[in-house]
Amino acid sequence: MGCKTVCMDGVGPRKTKVMVIGEAPGATEDEAGVPFIGRSGKLVRDALLNAGIDPDTCYITNAVNCRPPENKTPTSAQIRECRRWVQERIKQVKPKYVLLLGNVPMESLLGFTGIKKARGNPIERDGIIYLPTYHPAYVLRDPRAEAPFTADLKLFARIIREGGMPAEEDLNVVLVNSPSKIRQMLDDLKGTVSYDLETNDLYPWDVPLTPKEIASGVPIPNKKQIVSLQLGTRKAQYIILLNHPENPVPFTEDEKQDLITRIDKRMRNCYIVTHNGKFDALWMLVHFGVRWFPSFDTMLAHYILDENSLHTLKVLPQVFLGAMPYDINVEEKKGGGSLPAFIKYGAKDVYYTRKLRFVFGKMLDEDTAVKRVFEEILMPCVELFVEAEYHGVYIDTERMDEVEIYLQEKIDEAEVELNRYSSKVVWDTSTKSFVDRKTVAIGDIGVNKRSQYQELNWGSSQQLGAFLYNYLKLPIIEKTEGGAPSTSESVLLRTDHKIARALLDYRAAQKQLTAFIDGWRRYLVDSRLHPSFKLHGTVTGRLSCENPNLQQVPRDPKIRTLITAPPGWTMIEADLSQIEMRIAAELSGDKALLEAYRLGIDVHWLTAMREIGRAGAMKDEVIATVEALTQKKGWSFGDAIDELIRIGPKAAEAIGKEMGIPWKETRKKAKAINFGYLYGMWWKKFRIYARDNYGVDITDLDAQNSRIAYFELYSDLPQWHNRQRRKARVDGYVRSLTGRKRRLPDAVRNDGSYDAQAAERQAINSPVQSFANDINLMAAIQLRKEFGPDVLHIVGTVHDAILFEVRNDMIEVIYKRILEVMSRPELFDVFRIRLSVPIEAEASIGPWGAGVDLETWRAKQRPAVRTPPMRPAKRPVGKRRLAM
DNA sequence: AACGGGAGCGCG
DNA sequence: AAAGCGCGCTCCCGTT
């Protein structure tokens, strides 16, 4: 077979209880003639040790014992050839427990494949217990396989410890289908109660079909339903089949509502435990109007204890409780399978959720700072975001329709222009190239998706790349990570051909239409979107948002102002001003930054002016602006720069607008420099950034000097960077000011690898980003508490900003309070946070992205009050005129 | 037919 | 040799 070692032997005691069987020798093993010594082998040994199994007591071998050609996965024939040998070894070693690593040993010894389904499920044959799990090489390739892999080894260890197949859990499943069972359940609802829902969709609202969908004949979706409710107590797991199609004795709607009301009364006195309870609480609120908020959520607990790994209930019971896998498929969860399997699954979910609460509770007790974040921020946010999602965000649907038409026209225009360039050719899908249209019969072009010849699809980067660089023969400017010629915006901006402009227009309009207008429609219910916020969505503590993502709405007012408030209410957006820079100032103790903030100087502006001063750029503009603002002549460049720093960006931008000087752009550019250098950007990237965003071609030397100058200006930053890097290397984690941990195992390697360096940069960024987010969340929690839903709704957060819907008569009061709370939330006291840098917030009133500050807003209100109607008003007296 | 990765691009 | 961080959505395309 072309390998060095033929029929490689296993290693370990020739008679032992435990055997581990891998796939086949790799190159390393083949060379040395010993199995399990490469990266995969090491992973297995470490994993065994971690699970409490000494690898030296195991007999370790492979299912195929010669290295297959080119290190390929062994074929069935090769497996068959070696099977006799492996079985021989099993007879000699006489193991009681055999761990099978991947498909190959599973096929060899159990006779079937499909490791994804089979893993974690022990099988007993001829008195031997086989446990299949992933092959370590797969775990090395795909980090998502790590959790199930360690879970399987934990189960393997449990089987060895207990001396046989794992005992069934002490479940006590009660199907609640009679008055006596209901009474039994209600009596038992006390103390710690877990609950969980199975639903037939993730979005709890029925969404009407759009006209487009109706026209295209899509099937009418199922009505959104809660399939079942499960409750877990110390004694039992109660299953309530609210809408399971196989339920032989269904409840009437009245009975359901009545039952939920009775449970609700009991739940008020319980300690409620959930796994991702934000989901279940939202559904209960939408479908039954009850507020079943958790006191303890196991998903969020695991998230705060280990932000890096998966938090799904699929693996946590296996990892922390040595459970066997018990997941069923999605269709079964929606009620499309057998009832007994469904009931068992539902029971285990609440059983294990309740058990995990105690495990994670203990783990949280070991780190009071982390526990405080969990209790004071994460858990309160569950309620806050259930309400935010329930309420939703209001959309100006009339204008949305207009914008849709406008964008479609834009796309059509761009396509007409683009097609002018490509009219002579068609795309040949077999050769991935363009051929002369005349050589192809018209009837052969794009008949269906499978046709060999297709019209050029401008949305395909593969086709576009071939068109630009093979057909038009334009020079390749950059390649993508995957090696294909790039057609990105950055490249197109540097492409010297008229087609580039049309492509950019096409892409921009296409993106806005598909991602935002079309993308929103399927979530639109009574003019509102109900995005889902993930409290566990990022490794830093920020939230993520999806379905749709409110946090990526373009700043383009065309799109952003579609998000607004309904009549009688007004949108207020409030954000923490330059918050990350302020936190960096605080954490680094940088004297220049702290002094700037103490004096109320805008740091992005400061950086901009210093950079201009250093490079000697924009001399005329600087002096002209200062002359105009001070009404004095004869400024030197240096003095003018200092004066401009003192004056600040607001005044400069205003007068710049009149004089045609882009001070606003200048500040924006500096903002990117600040963030870039602050978080470890290198001068090379700065050069690229300057080119792509501002069309400025600076030299390498200039780029290097700008970086040097930056750290001369903020000269305490490098020491802070080094502190963070060292902490990550030594401790394996860094913390934010609220106590959140960012675990960085890659930094511990300290081997200068790309991953290690990336981890060190994360050690700098994480505490900053994380604390900024926590301030924002603290303020949101407090403002929700201070103002009830009769006057204020939080509709979402965007990292350092909060979006509110405020009742019109409360705008002034709430606006002022928002700014106070955001600049110092009361939770600072609980966390004993005292900052030396001032925190400031800004807010704007009106549709998102087009709001104004309070003063401007007031000025707009006056005419409405001062000018009484000529005729007596028909409107009821006392009702104020609507704003906006 | 469903899934997953890559490319590209929207945001803070 | 490599050196901002953190996300989600749409599309295409290859894979199962």
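Lettering of chains follows the sequences in order, A, B, ..., and the numbering in each one begins at 1. What you are looking at is a predicted structure, and each value in this text was computed from that prediction instead of being measured.
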Hey, does the side chain of [X] come within less than 4.0 Å of [N]'s phosphate (OP1/OP2), counting only N and O?
X      : N      : value
A/S753 : C/dA2  : no
A/R141 : B/dG5  : no
A/Q462 : C/dC13 : yes
A/S488 : B/dG8  : no

Classify [X] by what it touches in the nucleic acid, base, sugar-phosphate, or nothing, heavy-atom distance under 4.0 Å.
X      : result
A/R707 : nothing
A/K671 : nothing
A/N547 : sugar-phosphate
A/Q510 : nothing
A/D518 : nothing
A/R144 : sugar-phosphate
A/E481 : sugar-phosphate
A/E760 : nothing
A/G541 : nothing
A/R542 : base
A/S766 : nothing
A/V768 : nothing

Kindly point out which of [options] is positioned nearest to the side chain of [X]?
X      : options               : answer
A/V539 : C/dC9, C/dG6, B/dC9   : C/dG6
A/R742 : C/dG6, B/dC11, C/dC12 : C/dG6
A/N549 : C/dG4, B/dG10, C/dG6  : B/dG10
A/R522 : B/dC11, B/dC9, C/dT10 : C/dT10
A/R761 : C/dT10, C/dA3, B/dC11 : C/dA3
A/D800 : B/dG12, C/dG8, C/dG4  : B/dG12
A/K685 : B/dG10, B/dG4, C/dG4  : C/dG4
A/T480 : B/dG8, C/dA3, C/dG8   : B/dG8
A/T540 : C/dC12, C/dG6, B/dG8  : C/dG6
A/K432 : C/dG14, C/dG4, B/dC9  : C/dG14

Checklist outcome for this item: Applying the 3.5 Å cut-off to both distances, the Watson-Crick or G-U partner of C/dG4 turns out to be none

Next on the checklist: Using Watson-Crick or G-U wobble geometry with both distances under 3.5 Å, which nucleotide pairs with B/dG5?
Outcome noted: C/dC12

Next on the checklist: Just to verify, what does A/F434 make a ring-ring contact (aromatic ring centres under 6.0 Å, His included) with, not counting sequence neighbours?
Outcome noted: A/W427, A/F467

Can a salt bridge be assigned to the pair [X] and [Y] using a cut-off of 4.0 Å between side-chain N and carboxylate O?
X      : Y      : answer
A/R687 : A/D702 : no
A/E307 : A/R742 : yes
A/R743 : A/D731 : no
A/K671 : A/E611 : no

Checklist entry - Between A/Y710 and A/Y677, how do the two ring planes meet: parallel, tilted or perpendicular, split at 30° and 60°? => result tilted

Length of the [atom1]-[atom2] vector between [X] and [N], whole Å:
X      : N      : atom1 : atom2 : value
A/E580 : B/dC11 : CD    : P     : 17 Å
A/D505 : B/dC9  : CG    : P     : 13 Å
A/R740 : C/dG6  : CZ    : C1'   : 13 Å
A/Q551 : C/dC9  : CD    : P     : 10 Å
A/E546 : C/dT10 : CD    : C1'   : 15 Å
A/D142 : B/dC3  : CG    : P     : 16 Å
A/H604 : C/dG4  : NE2   : P     : 19 Å
A/N457 : C/dT10 : CG    : C1'   : 12 Å

Next on the checklist: Which residues pass the side chain to side chain contact (heavy atoms under 4.5 Å, CB included) test with A/N776, not counting sequence neighbours?
Outcome noted: A/L576, A/T797, A/I802, A/M822

Next on the checklist: Heavy-atom nearest nucleotide on DNA chain C for A/Y754 versus A/K534: which residue maps closer to 5'?
Outcome noted: A/Y754

Checklist entry - For DNA chain C, whose closest nucleotide is more 5', that of A/H799 or that of A/Q757? => result A/Q757

Checklist entry - Is there a donor and acceptor pair closer than 3.5 Å between the side chain of A/Q769 and the base of C/dC5? => result yes

Checklist entry - Has the side chain of A/R555 got a donor or acceptor atom sitting under 3.5 Å from an opposite partner on the base of B/dG10? => result no

Checklist entry - What residue among A/T538, A/V539, A/N276 forms side-chain contact (heavy atoms from CB on, under 4.5 Å) with A/Y303? => result A/T538

